Structure formats: structure tokens, C-alpha cells
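I have placed the structure first, in the form of C-alpha cells, so that the comments after it can refer back to it.
Given the structure is predicted, the values throughout are model-derived calculations rather than measurements. For this chain, numbers begin at 1 and follow the sequence in order.
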Amino acid sequence: MDVRKLPLSGVTVVSVEQAVAAPYATRQLADLGARVIKVERPGEGDFARRYDTTVHGHSSYFVWINRSKESLTLDLKDPRGRDILHRLLRDADVFVQNLAPGAAGRLGLGTAELTRRYPRLIPCTISGYGTSGPWADRKAYDLLMQCQTGLVSLTGTAQESARTGISVADIAAGMYAYSGVLTALYTRATTGAAHPVEVSLFEALAEWMGQPAYYTRYGGSQPPRLGTQHATIAPYGTYRAADGREVLFSIQNEREWAALCAEFLGRPELTDDPRFATGSDRVAHREELNVIIAERFARNDAEELLKDLEAIGIACAGVNDVAAFLDHPVLAARDRWREVEVPGATVSALLPPADLAGLPARMDPVPAVGEHTEAILTELGHGPEEIEALRAGSVI
């Protein structure tokens with residue numbers, strides 16, 4: 001496709017990235033047309049390439065968040081490798097890194113050093129707990145963040161906590177890094193000032209914990225773990241139909257509650273029952289309410305219940321597994337799938353969720369390790385013999 005038509009065409013991002021958070025941020029910049037040069041270790045590359053081998057021999061994580069990038073292999077512990085990186089940074093707009101604590105500084109890639117050398121460059125650092133403070137030197141992974149922010153204590157059942165099934169801390173940090181870089185690019189374009197961006201996994205997920213944080217600080221106790229039931233709204237959760245399938249529905253206001261009582265439960269008098277008069281009352285008497293709802297659900301199969309709930313304007317859904325999600329009629333009807341090349345194969349990938357009217361979506365290939373190394377070095381003025389010498393010395 002013609003990348004020149006996209007909003008970030010002309011923006012160059014150099015990223016010393018690994019795992020999920022930084023690659024997720026830079027893939028979204030690539031989606032908008034930025035040139036993203038992904039710097040990887042010679043030979044092995046980003047270790048996320050080996051998380052699994054389920055996608056035609058490639059990692060599902062890596063395929064998801066690394067399309068539309070160029071892969072350059074460099075040994076940054078070798079002065080020659082660092083010199084090549086700095087030659088790229090001279091003309092780059094953004095530098096993203098999520099190296100282990102202290103590693104960027106040891107390599108001369110700390111924010112202070114980069115802003116001194118390259119005043120127009122926007123450095124973006126993604127860390128575990130921030131670059132200052134008592135935990136700045138600690139390693140951090142997604143599940144650690146779920147535990148440290150209290151998310152795991154909210155997820156699961158009354159008997160057992162559970163991790164969230166996707167990498168929410170990494171995704172949150174990647175999203176905030178992406179929006180921070182966009183903001184910094186806009187600020188540089190309007191004021192000339194290049195502001196560094198810093199995001200930590202801990203603080204990104206801490207922001208997502210806002211509602212339970214307020215509830216706990218001012219309510220005296222944290223929301224309980226209730227499986228698929230909502231901790232602070234009732235009824236809101238899954239119930240089992242006569243055919244054994246689960247159906248989720250949600251009541252958001254008193255109008256919906258009245259409609260549910262009169263038209264679905266067939267018990268209009270429940271709207272005047274003091275146990276269920278307000279949302280807080282319904283939460284307090286959740287167990288009694290669940291018995292009434294379960295009795296109604298036991299009379300019909302899931303499809304019939306969904307039709308009855310939809311008919312009176314109640315939000316509801318069956319509970320999909322991942323295979324059912326992949327075949328979801330909304331994704332098919334809205335033409336959300338595109339083919340993307342990976343080394344040796346082609347995969348189906350979802351379009352970016354933000355549609356920009358009149359602008360095409362960029363869905364370029366996922367690179368092999370070091371696929372673009374020779375082309376990038378040639379662009380920097382290295383000749384074939386010099387490139388071969390770098391390769392022989394394991395610099396690239």
C-alpha cells in the first residue's frame with residue numbers, strides 16, 4: 001500500500017523493544033504509517049518470537065504486535081552496533097525502549113543522554129515500576145503487575161483468585177505509550193519542544209484500577225470476587241439456561257429493572273419490593289434475586305431467553321469461547337479481517353479498531369529476524385564488504 005497517504009507518514013520510530021508493551025505501542029504507530037525500525041538481538045531476535053509456535057511456527061504474541069515493521073539486528077554491547085543505532089537516531093523522530101532496569105543507561109541510551117544529543121528526538125521509556133523510586137530496579141512482568149495492583153484479588157470466584165486471561169498490564173502500558181508519543185509528536189509540531197515520554201506497567205494498570213480503588217478507600221472494603229457476576233451492579237452476570245448454556249444480561253437503570261420484572265420475570269410487584277428497590281438494595285440482596293432469576297432461566301433454552309431479553313431492550317449475550325469470537329457475525333459483516341504475511345505463510349488479522357474515514361489500513365508483513373538489516377545499513381552508507389564484516393563479527 002502507499003504509506004504516504006497515512007497520517008504518520010514521514011515519522012521514523014527506532015525501537016529497542018521486546019516482549020509485549022513496547023512492541024504493541026510501536027505497532028500502532030506503524031498502523032498509522034510511521035516507519036518503525038525494530039532493533040533485535042543478532043540471531044535470536046526479540047524473545048517474544050519464541051513464546052509459542054502456534055501460528056505457522058511463529059509466536060502468536062509476536063505475530064499480533066509486530067506487523068508493518070522493519071527488523072534490524074544489532075549487538076548493542078558492541079561499540080559498532082551502538083554507533084549504527086546512533087546514526088539512525090540522528091534522523092529519527094521517536095525512540096522507544098523497554099529494556100531491563102538500568103540497561104538503557106549502561107548503553108548510553110538513557111533519556112537525559114538522548115535529549116542532550118538529539119534535541120528533536122522524543123525518547124519513550126516503558127518500565128516496570130518507573131525509572132525512579134524504591135522499585136525502579138525490579139523486573140516486572142504482566143502477572144506481577146496484576147498481583148501488585150490488586151487486580152488478581154478482584155478476579156475469580158469467592159473460593160479462588162485468578163489472573164486476567166490476557167496481558168492487561170502490557171496492553172495498558174502500550175496504549176499509554178502510544179498516546180503519549182502521539183501527544184509528544186503533536187506538541188513538537190506545534191511548539192517545537194520535544195518532550196520525553198515515560199510509562200510504567202504498574203502505573204498504567206493502576207489507572208485501570210480506579211473504580212475499585214475509590215470503592216475500597218471510601219466504602220471500607222473492596223469489591224468481592226463473584227466470578228461472572230458484577231461486584232457492584234445487580235442483576236449483572238451469567239445465568240444458566242435450561243439447555244445448560246450460559247447467558248449474560250445486565251440491568252443498568254430502574255427503567256430496565258421495571259421492564260425485566262414485568263415482561264421477563266412476570267413479577268411486576270418486585271419493583272416495589274424493598275429488597276430490590278434500588279441498585280444498592282439489589283446488590284445487598286443478590287442471593288435472593290439470583291434465586292428468582294435462576295427459576296426463570298430454568299424454563300427456557302438459551303436462544304429463547306436471548307430473544308425474550310432482546311425484545312424488551314435488555315442488553316444480553318451468549319458466552320462465547322475464542323473459536324466463536326473468531327466467527328462472530330459482527331466481524332464478518334463489518335469486514336474486519338485482512339490477510340497479513342508472516343515468514344513462510346499468511347494469517348488473518350483484525351483491522352486496527354480506530355477507523356479513519358478515507359484512509360486505508362496498513363497491514364504490512366511481520367518481519368523475519370534481521371530481514372531489513374542489509375537494506376537499512378546500505379541506506380546508512382555501508383558497503384557490501386563492510387556489512388559482511390559486521391556480520392562476521394556478530395554485530396548484526
Q: Output yes when a side-chain donor or acceptor of T271 lies under 3.5 Å from a complementary backbone atom of P268, and no otherwise.
A: yes

Q) Are there more than 12 heavy atoms of other residues, nucleotides or ligands under 6.0 Å from atom CD of E113? A) yes

Q.
I'd like to check N66 versus R27 (side-chain heavy atoms, cut-off strictly below 4.5 Å). Are they in contact?
A. no

Q) Would R35 and E379 pass as an ion pair if we require N to O under 4.0 Å? A) yes

Q. So do the side chains of W208 and L205 get within less than 4.5 Å of each other, counting heavy atoms only?
A. yes

Q: Give the minimum heavy-atom separation between C316 and L309, together with the two atoms involved.
A: SG-CB, 3.8 Å

Q | Smallest separation among heavy atoms of V39 and L74, with atom names | A | CG1-CB, 4.0 Å

Q: Answer yes or no: does atom CD of E287 have more than 12 heavy-atom neighbours from other residues, nucleotides or ligands under 6.0 Å?
A: no

Q) Where do V197 and G180 come nearest, in terms of heavy atoms and distance? A) CG2-O, 3.6 Å

Q) Counting distance only, does the side-chain N/O of T115 pair as donor-acceptor with the main-chain N or O of A112 below 3.5 Å? A) yes

Q | Parallel, tilted or perpendicular, as decided by the 30° and 60° cut-offs, for the rings of Y214 and Y218 | A | parallel

Q | Any donor-acceptor pair under 3.5 Å from Q146 side chain to T164 backbone | A | yes

(Q) Looking at R275, I want to see if its CZ is surrounded by more than 12 non-hydrogen atoms of other residues, nucleotides or ligands under 6.0 Å. (A) yes

Q. Is any side-chain heavy atom of L29 less than 4.5 Å from a side-chain heavy atom of Y178?
A. yes

(Q) Are there over 12 heavy-atom neighbours, none belonging to R50, within less than 6.0 Å of that residue's CZ? (A) yes

Q | Under 3.5 Å donor-acceptor, D52 side chain and S60 backbone | A | yes

Q | Side-chain heavy-atom pair L331, F325 within 4.5 angstrom cut-off | A | yes

(Q) Pairing donors with acceptors under 3.5 angstrom, does anything connect the side chains of T346 and E339? (A) no

Q | Separation of D273 CG from L270 CG (nearest 0.5 Å) | A | 6.0 Å

Q: To the nearest 0.5 Å, tell me how far L89 CG sits from R82 CZ.
A: 13.0 Å

(Q) Just so I know, are the side chains of H86 and R117 near enough to count as touching, which here means a heavy-atom distance under 4.5 Å? (A) yes

(Q) As an exercise, state the distance from CZ of R4 to CG of L6, rounded to the nearest 0.5 Å. (A) 11.0 Å

Q. So H285 and F276, would you call those rings parallel, tilted or perpendicular, with 30° and 60° as cut-offs?
A. perpendicular

Q. Hey, what do you get for CZ (R188) to CD1 (I122), rounding to the nearest 0.5 Å?
A. 4.5 Å

(Q) Donor-acceptor pair, distance only, cut-off 3.5 Å: does the side chain of E256 make one with the backbone of Q252? (A) yes

Q: Give a yes or no on whether the backbone of P343 and the side-chain of H58 come within a donor-acceptor separation of less than 3.5 Å.
A: yes

Q: Please round to the nearest 0.5 Å and tell me the distance separating atom CZ of F264 and atom CG of N300.
A: 7.5 Å

Q. Charged N to carboxylate O below 4.0 Å: is that the case for K69 and E371?
A. no

Q: Using distance alone, with no hydrogens and no angle criterion, decide if K38 and T26 have a side-chain donor and acceptor under 3.5 Å apart.
A: no

Q) Do the side chain of S167 and the main chain of D142 share a donor and acceptor less than 3.5 angstrom apart? A) no

Q: Verify the cluster assignment for L8 and V181: are they in a single hydrophobic cluster under the rule of side-chain heavy atoms below 4.5 Å apart?
A: yes

Q) Short question: side chain of R296, backbone of L305 - any donor-acceptor pair under 3.5 Å? A) no

Q) In terms of side-chain geometry, is the basic nitrogen of R80 or D75 positioned less than 4.0 Å from the acidic oxygen of its partner? A) no

(Q) If you define the side chain from C-beta out and look only at heavy atoms, does anything of L265 sit under 4.5 Å from L260? (A) yes

Q: Please name the pair of heavy atoms, one in Q229 and one in G237, separated by the smallest distance, quoted to 0.1 Å.
A: NE2-CA, 3.9 Å

Q: Quick one: sort the F297 and Y239 rings into parallel, tilted or perpendicular, breaks at 30° and 60°.
A: tilted

Q: Output yes when E304 and K307 qualify as a salt bridge under the 4.0 Å nitrogen-oxygen rule, no when they do not.
A: no

Q. Side chains of Q97 and S15: donor-acceptor distance under 3.5 Å anywhere?
A. no

Q: Hey, can you tell me if Y129 and W135 have their rings parallel, tilted or perpendicular (30° and 60° cut-offs)?
A: perpendicular

Q | Nearest non-hydrogen partners of G174 and Q28, listed with the distance | A | O-NE2, 4.2 Å

Q: For residues L107 and V16, determine if any side-chain heavy atom of one lies less than 4.5 Å from a side-chain heavy atom of the other.
A: no

Q: List the steps, then state whether side-chain hydrogen bond (donor to acceptor under 3.5 Å, both in side chains) holds for E198 with T111.
A: CA-CA 9 Å; E198 180 179 344; T111 295; over 6 Å; no

Q) Would you find a donor on one side and an acceptor on the other, under 3.5 Å apart, between the side chain of R362 and the backbone of V3? A) no

**Q.** Taking every non-hydrogen atom, the tightest pair across S394 and P42
**A.** O-CG, 3.8 Å

Q. Which value, rounded to the nearest 0.5 Å, describes the distance between D91 atom CG and Y118 atom OH?
A. 10.0 Å

Q. Would you say the side-chain atoms of S179 pair up with the backbone N or O of Y176, donor to acceptor, closer than 3.5 Å?
A. yes

